Amino acid sequence: VGLETEYITEREVKVIPNPFRYAATIQFNEVLNNACLDIYDIHGRQLKHFNDINGNSFTVERMNLNAGIYFFSIVNRGNKLSTGKFAISN
């Protein structure tokens with residue numbers, strides 16, 4: 001008997017389009033309930049935090065982020081589900 005762990009691997013999370021100029025959709029392979037998404041710069045500084053993510057996708061808008069590479073982390077029900085990266089272009 002083994003323990004089952006519920007998680008999403010990075011390859012099961014899609015960022016469309018990537019890179020993007022104004023907005024991108026992050027698609028998940030399962031329905032999230034009250035999840036959180038954090039966005040980090042290349043130095044590991046948290047730049048954005050989004051609460052109450054529900055469903056199987058979330059739209060990220062550029063807002064005041066400069067062109068560059070960013071990393072994200074998704075937490076659902078207290079469990080880190082996935083990490084990934086996206087690029088913002090000019």
Side-chain angles (χ1 to χ4, degrees):
V1 176
L3 297 175
E4 292 185 22
T5 304
E6 184 178 321
Y7 64 95
I8 300 174
T9 62
E10 286 183 33
R11 66 181 175 271
E12 294 172 324
V13 175
K14 297 178 184 175
V15 180
I16 302 169
N18 193 9
F20 66 91
R21 290 181 81 179
Y22 305 108
T25 299
I26 300 176
Q27 296 178 337
F28 317 109
N29 71 336
E30 67 181 58
V31 176
L32 302 182
N33 184 16
N34 199 28
C36 298
L37 181 129
D38 293 314
I39 297 176
Y40 303 90
D41 66 12
I42 60 171
H43 303 291
R45 291 182 293 232
Q46 182 182 8
L47 302 176
K48 303 285 180 190
H49 176 80
F50 301 95
N51 286 317
D52 302 323
I53 298 172
N54 298 294
N56 62 355
S57 66
F58 180 75
T59 299
V60 175
E61 295 185 13
R62 180 176 184 160
M63 294 176 270
N64 61 345
L65 297 174
N66 294 323
I69 304 290
Y70 295 89
F71 299 90
F72 64 87
S73 173
I74 302 165
V75 176
N76 192 38
R77 297 183 206 120
N79 296 314
K80 184 182 240 182
L81 298 181
S82 184
T83 58
K85 66 181 177 179
F86 60 82
I88 296 178
S89 62
N90 284 327

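When a residue number appears, it is its place in the shown sequence, counting from 1. The structure displayed is predicted, hence computed values, not measured ones.
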Practice task
Could you state whether Tyr22 and Ile88 fall into the same hydrophobic cluster, counting links through intermediate Ile, Leu, Val, Met, Phe, Trp or Tyr residues with side-chain heavy atoms under 4.5 angstrom apart?
Solution key: no
Problem - Cluster overlap Ile53 with Val75, hydrophobic side-chain contacts below 4.5 Å - result: no
Where do [X] and [Y] come nearest, in terms of heavy atoms and distance?
X: Ala23; Y: Pro17; value: O-CD, 3.9 Å
X: Ala87; Y: Asn18; value: N-OD1, 2.9 Å
X: Glu30; Y: Asn76; value: OE2-ND2, 4.1 Å
X: Ile69; Y: Ile42; value: O-CG2, 3.4 Å

Handout entry: ring-ring contact (aromatic ring centres under 6.0 Å, His included) contacts touching residues 64-90 (sequence neighbours left out)
Key = Phe20-Phe86, Tyr70-Phe86
Handout entry: Pairs touching residues 38-60 that satisfy ring-ring contact (aromatic ring centres under 6.0 Å, His included), sequence neighbours left out
Key = Phe50-Phe58
Problem - Contact check, side chains of Lys80 and Ser73, non-hydrogen atoms, under 4.5 Å - result: yes
Handout entry: Heavy-atom side-chain contact between Val13 and Leu81 under 4.5 Å
Key = no
Measure the spacing between [atom1] of [X] and [atom2] of [Y] and express it to the nearest 0.5 Å.
X: Ile26; Y: Ile39; atom1: CD1; atom2: CD1; answer: 6.5 Å
X: Asn66; Y: Asn90; atom1: CG; atom2: CG; answer: 8.5 Å
X: Thr25; Y: Lys14; atom1: OG1; atom2: NZ; answer: 12.5 Å
X: Ser82; Y: Leu37; atom1: OG; atom2: CG; answer: 9.5 Å

Completion exercise
Sorted by chain and number, sequence neighbours left out, side-chain hydrogen bond (donor to acceptor under 3.5 Å, both in side chains) with Gln27 holds for none
Practice task
Under the side chain to side chain contact (heavy atoms under 4.5 Å, CB included) rule, collect the residues that match up with Asn33, sequence neighbours excluded.
Solution key: Asn54, Arg77
Practice task
Provide the full list of salt bridge (Lys or Arg N to Asp or Glu O under 4.0 Å) pairs with a residue in residues 42-65, sequence neighbours left out, each pair given once.
Solution key: Asp41-Arg45
